[in-house]
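Quick note: residue numbers are just sequence positions, from 1. The structure displayed is predicted, hence computed values, not measured ones.
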Amino acid sequence: MGAELSLRNRFERGLDAPICLTWELTYACNLACTHCLSSSGRRDPHELSTSEAKALIDEIAAMQIFYINIGGGEPMIRRDFFEIIEHAVGQKVGVKFSTNGTRIDETAAKRLAGIDYLDIQISIDGADAATSDRIRGLGSYDQARRAMDNLKSADFGQFKISVVMTRDSVEQLDEFEALAGSYGAELRLTRLRPSGRGVDVWDALHPTRQQNRDLYQWLRQRPHVLTGDSFFHLSALGEPLDGLNLCGAGRVVCLIDPVGEVYACPFVIHDEFKAGNVRERGFRRVWQESELFRSLREPGSAGACASCGSYDACRGGCMAAKFFTGLEMTDPDPECVFGHGEVALEKKRVALRPTPSPDHSCRVAVAISSK
Ligand code: SF4
Ligand code: SF4
């Protein structure tokens, strides 16, 4: 326990290089998920070129960052997708990429299966087509399942099935576990944050307090289910969940967006959390020298959570969830397991919430509903 704490203290002060670096290759996407954290849809014409992308990988390799998370948008939409990931693994930078699976046909699956140091996460938002398609669009579930079938036929090995926990999907935990088991896949659950287009659906779709309690118990019994540390606010309920149990934004986590802007975490794409651009300063300098990241590495105030007996486990929760629901950084997490976040939200009900910036959504109507 003592070693765990001192490790956490070190991480809180920030490291020379991020442990969890996410790079969104493009804002282009062929789906229009209602909760998309990066409001993706249209390609930004200024996204990094192939040569800029390769130079960034070289810098990442020189910083001894041994793997990167690639996302989007839909990263496989980029024509140079394979060239970029093959360059990364050639530089001994492992790649984990998130995809909606629509581009993983039999040929792509075989090519992916031939690449070392590659991990794939296929996203669904329900254990059946009706539930998942409500979030991700009609036909998206079947396409994701086809991608999983193709990876299995191509002997890719163990991939991940990634699910955002909504009020609907959280009711299907056992079904997700069975689905992952049927493919020999790992299950990864992440928290719905009010980021990107998620800000529009968060009120209707984030799990209820009771659902979060049930989720905590379910996860406690299944340490093999991956969460990317995204439910540490639930650790206030008792024994901590596996993970660092801290907000790593700007300390051990960051995001590089398609045009090279560096943000404190994938869920805070907003000018307020922008640290600099890799085109102007290079990634290393942004990570090590930005004023924003330096300030995030300073000890923070516990604020309204100071008197909470669970502060050590929960640390007041997620900065992004607070920011995009209009709360202060010193307020409790909006999903505080003791309901303090709901009280804080109620007090600020009339205040304007920050809007995500930038927004690359396609201008199409998308239905938002919970069962
Ligand atoms: S802001 Fe939230 S999602 Fe981002 S690193 Fe912190 S806790 Fe995680
Ligand atoms: S009061 Fe604050 S520290 Fe305590 S459980 Fe709620 S959000 Fe976490």
Side-chain angles (χ1 to χ4, degrees), residues 1-24 37-38 56-57 59-71 88 92-98 119 121 160 162 188-191 193 195 226-235 240-257 261-270 272-276 278 281-302 311-323 329 333:
M1 187 66 169
E4 220 172 82
L5 274 179
S6 69
L7 194 62
R8 188 161 83 170
N9 290 344
R10 267 194 64 205
F11 289 161
E12 281 187 312
R13 289 197 301 271
L15 302 176
D16 284 346
I19 297 174
C20 184
L21 167 58
T22 299
W23 178 12
E24 291 181 347
L37 67 96
S38 55
L56 178 56
I57 289 165
E59 191 181 11
I60 286 169
M63 287 174 75
Q64 296 189 303
I65 297 170
F66 298 117
Y67 91 93
I68 51 177
N69 301 296
I70 282 186
K92 298 276 186 286
V93 176
V95 170
K96 178 163 69 182
F97 81 91
S98 299
D119 195 1
Q121 284 178 183
K160 295 179 174 54
S162 186
R188 182 173 187 270
L189 305 181
T190 59
R191 181 179 178 187
R193 279 90 168 189
S195 314
L226 308 170
T227 63
D229 219 9
S230 65
F231 298 105
F232 70 88
H233 62 301
L234 303 184
S235 290
L241 295 169
D242 280 357
L244 288 175
N245 286 306
L246 62 84
C247 170
R251 295 161 160 160
V252 293
V253 173
C254 76
L255 167 83
I256 304 175
D257 89 344
E261 297 290 0
V262 182
Y263 293 88
C265 119
F267 296 95
V268 287
I269 301 180
H270 187 279
E272 199 153 315
F273 298 99
K274 199 191 278 185
V278 301
R281 304 173 61 191
F283 177 64
R284 184 195 294 267
R285 287 193 60 201
V286 175
W287 175 261
Q288 294 180 354
E289 297 172 13
S290 96
E291 282 304 311
L292 171 71
F293 286 178
R294 281 173 192 241
S295 69
L296 288 172
R297 292 164 194 165
E298 296 294 324
S301 155
Y311 181 73
D312 209 37
C314 159
R315 297 295 176 109
C318 169
M319 184 177 82
K322 292 191 244 197
F323 180 76
M329 295 302 108
D333 189 289

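Between L21 and I256, the closest side-chain pair of non-hydrogen atoms falls below 4.5 Å. Residues R284 and E289 have side chains not in contact (no heavy-atom distance under 4.5 Å, counting atoms from C-beta outward). The closest side-chain heavy-atom distance from V95 to W23 is not below 4.5 Å. In this structure, L255 and E24 have side chains that are in contact, with non-hydrogen atoms separated by less than 4.5 Å. Contact check for R281 versus V262: no side-chain heavy atoms found under the 4.5 Å cut-off.
For the atom pair CD (Q64) and NZ (K92), the distance works out to 14.0 Å, reported to the nearest 0.5 Å. Rounding to the nearest 0.5 Å gives a distance of 11.0 Å between CG of D312 and CG of L246. Atom CD1 of residue I19 and atom CZ of residue F66 lie 12.0 Å apart, to the nearest 0.5 angstrom.
A salt bridge does not link D119 to R188: none of the charged nitrogens lies less than 4.0 Å from a carboxylate oxygen.
Side-chain N or O atoms of K160 include none that pairs as donor or acceptor with a backbone N or O of K96 at under 3.5 Å. Listed for the S290 side chain is no donor-acceptor partner under 3.5 Å among the backbone atoms of W287. Although no hydrogens or angles enter the test, the distance criterion places a donor-acceptor pair under 3.5 Å between the side chain of E59 and the main chain of F283. Judged by distance alone, the side chain of S235 and the main-chain N or O of L241 form a donor-acceptor pair under 3.5 Å. No donor-acceptor pair closer than 3.5 Å links the side chain of N245 to the backbone N or O of A313. When atom types are taken as modelled, the side chain of S230 and the backbone of R191 share a donor-acceptor pair closer than 3.5 angstrom.
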- [ ] Check the pair F231 / L189 against side-chain contact (heavy atoms from CB on, under 4.5 Å), numbers first and verdict last.
- [x] CA-CA 9 Å; F231 298 105; L189 305 181; 4.1 Å; yes
Open item on the list: Assess the residue pair V268 and S195 against the criterion (side-chain contact (heavy atoms from CB on, under 4.5 Å)); give the C-alpha distance rounded to whole Å, side-chain angles, the decisive distance to 0.1 Å, and a yes or no.
Closed with: CA-CA 7 Å; V268 287; S195 314; over 6 Å; no
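Between F232 and C247, the shortest heavy-atom distance links the atoms CZ-N, 3.6 Å. Listed here is the closest heavy atom pair of G250 and R297: O-NE, 2.7 Å. Among all heavy-atom pairs drawn from D16 and Q288, the shortest one is O-NE2, 3.1 Å. Shown here for L296 and M319, the closest heavy-atom pair between the two residues is CD2-SD, 3.9 Å. E261 and K274 get closest at one heavy-atom pair: OE1-CD, 3.3 Å. Here the closest non-hydrogen pair linking K322 and D333 is CG-CA, 4.1 Å.
The ring pair (Phe, Tyr, Trp, His ring centres under 6.0 Å) with F273 is formed by just one residue from the set F293, Y263, F267, F323; it is F323. Put simply, the residue from C265, C20, P266, P18 that forms a side chain to side chain contact (heavy atoms under 4.5 Å, CB included) with C254 is P18.
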